[in-house]
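One is the number of the first residue; the rest follow in order along the sequence.
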Amino acid sequence: MRNFLYIAMILFSVSGCKPGVPGDIIQPDEMAEVLHDIHIADSYLGMTSRSDSVKIKAAEYYKGIYKKYDIDSVLYHKSMDYYYKQPKVLNDIYVKVTAELTKEKDGIIKADSIIQAKEIAKLRMKFVRDSTRTADSTFWANFLLRDTALLKKPKLKGQKDTSQQDTVVKKKIDVMMLKMDYKGLKDLK
């Protein structure tokens with residue numbers, strides 16, 4: 001009977017020890033979120049050139065992250081020490097972190113490509129407007145040359161006085177010159 005009790009106690013104690021993260025350690029899902037934010041802060045700080053200001057900013061960012069997740073640096077380092085001893089769990093956490101960072105990176109690339117597409121469309125419109133202006137300028141130049149050719153025509157017998165016609169043509173030339181020099185709203189100011 002004693003042997004049965006000893007065996008039963010051993011079975012209960014072994015079955016009571018389930019593998020898992022202790023309660024005084026940051027749980028894996030929350031740790032993945034904390035590490036995500038810390039890696040974002042570290043990457044931003046890596047772009048700063050002054051090492052003195054990096055240390056000050058890093059402390060501020062880490063304090064903000066700790067406050068966001070209601071932890072402190074001691075709990076964070078204690079949890080990291082635990083996860084360093086549990087590489088499979090730490091690997092699972094980093095799989096989540098890299099997946100989230102990749103998703104954010106893809107979103108940024110997509111947004112950036114949309115912005116670039118809009119910039120390309122603006123440049124194309126500008127090119128079309130410039131080519132239209134060039135075409136208009138060519139049209140107006142031909143139109144002006146045609147009107148000036150009318151000014152130089154010799155009078156034929158029986159033709160009316162062309163002084164009124166000359167002033168109308170000169171006014172048209174002045175208007176056309178103004179239209180050719182017009183570059184946009186900046187000229188109106």
Side-chain angles (χ1 to χ4, degrees), residues 11-139 179-189:
L11 286 175
F12 283 123
S13 65
V14 170
S15 65
C17 296
K18 57 182 178 183
V21 179
D24 61 339
I25 302 295
I26 302 171
Q27 296 303 308
D29 291 335
E30 187 178 6
M31 190 65 177
E33 294 172 8
V34 171
L35 287 173
H36 170 265
D37 289 350
I38 285 177
H39 286 300
I40 296 254
D42 286 342
S43 67
Y44 175 73
L45 292 169
M47 293 186 290
T48 307
S49 61
R50 295 183 181 164
S51 61
D52 296 338
S53 64
V54 169
K55 290 178 183 178
I56 296 169
K57 284 187 176 187
E60 292 173 6
Y61 285 136
Y62 291 157
K63 283 180 187 177
I65 292 169
Y66 297 152
K67 185 177 180 180
K68 178 180 176 182
Y69 293 103
D70 196 30
I71 60 174
D72 59 359
S73 62
V74 175
L75 180 60
Y76 170 74
H77 289 291
K78 183 179 176 183
S79 299
M80 284 305 295
D81 289 339
Y82 172 79
Y83 288 122
Y84 285 141
K85 293 175 185 172
Q86 305 291 329
K88 290 182 182 179
V89 178
L90 186 61
N91 185 43
D92 293 341
I93 290 171
Y94 268 102
V95 165
K96 293 176 187 176
V97 171
T98 53
E100 187 65 28
L101 289 173
T102 303
K103 188 168 97 174
E104 287 181 9
K105 177 184 162 192
D106 292 343
I108 291 170
I109 289 172
K110 183 177 179 181
D112 192 35
S113 66
I114 290 171
I115 291 170
Q116 286 179 350
K118 288 180 181 178
E119 290 296 322
I120 289 171
K122 285 180 185 177
L123 289 174
R124 284 184 181 158
M125 287 302 297
K126 183 180 178 192
F127 178 74
V128 167
R129 278 186 263 138
D130 287 345
S131 65
T132 305
R133 182 176 289 144
T134 304
D136 287 346
S137 299
T138 307
F139 169 77
K179 284 185 178 180
M180 287 179 66
D181 290 338
Y182 177 72
K183 300 284 190 253
L185 294 175
K186 292 179 183 176
D187 288 346
L188 297 177
K189 293 181 181 179

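For Tyr61, the ring pair (Phe, Tyr, Trp, His ring centres under 6.0 Å) criterion is met by Tyr44, not counting sequence neighbours. Remark: Asp29 pairs with Lys96 by the salt bridge (charged side-chain N to carboxylate O under 4.0 Å, His left out) rule, at least two apart or across chains. Scanning for ring pair (Phe, Tyr, Trp, His ring centres under 6.0 Å) contacts around Tyr83 gives an empty result, with sequence neighbours left out. Applying the side-chain contact (heavy atoms from CB on, under 4.5 Å) test to Gln86 and every residue at least two apart in sequence or in another chain returns Tyr82, Val89. Every residue two or more places apart in sequence or in another chain was checked for a side-chain contact (heavy atoms from CB on, under 4.5 Å) with Asp92, and none qualifies. In this structure Tyr69 satisfies the ring pair (Phe, Tyr, Trp, His ring centres under 6.0 Å) test with no other residue, sequence neighbours excluded. With sequence neighbours excluded, the residues that form a salt bridge (charged side-chain N to carboxylate O under 4.0 Å, His left out) with Asp24 are Lys78. Remark: Tyr62 pairs with no residue by the ring pair (Phe, Tyr, Trp, His ring centres under 6.0 Å) rule, at least two apart or across chains.
Residue pairs meeting the ring-ring contact (aromatic ring centres under 6.0 Å, His included) criterion with at least one member in residues 98-125, sequence neighbours excluded, do not occur. Among residue pairs with one or both ends in residues 31-43, those qualifying as salt bridge (charged side-chain N to carboxylate O under 4.0 Å, His left out) are Asp37-Lys68; sequence neighbours excluded.
Paired with Leu35 under the rule side-chain contact (heavy atoms from CB on, under 4.5 Å), one option of Ile26, Ile40, Val97 passes, and it is Val97.
Once rounded to the nearest 0.5 Å, the distance linking NZ of Lys85 with CG of Asp81 reads 6.5 Å.
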Residues Ile65, Tyr76; criterion side chain to side chain contact (heavy atoms under 4.5 Å, CB included); working and verdict
CA-CA 11 Å; Ile65 292 169; Tyr76 170 74; over 6 Å; no
Apply side chain to side chain contact (heavy atoms under 4.5 Å, CB included) to residues Tyr66 and Asp72 and explain how you reach the verdict.
CA-CA 5 Å; Tyr66 297 152; Asp72 59 359; 5.6 Å; no
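Contact between Leu45 and Val54 at its shortest, heavy atoms only, is O-CG2, 3.8 Å.
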N/O donor to acceptor pairs below 3.5 angstrom from side-chain atoms of residues 98-112, sequence neighbours left out:
from	atom 1	to	atom 2	distance (Å)
Thr98	OG1	Tyr94	O	2.9
Thr98	OG1	Val95	O	3.0
Thr102	OG1	Thr98	O	2.6
Glu104	OE1	His36	NE2	3.3
Glu104	OE2	His36	NE2	2.9

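Although no hydrogens or angles enter the test, the distance criterion places no donor-acceptor pair under 3.5 Å between the side chain of Glu30 and the main chain of Pro28.
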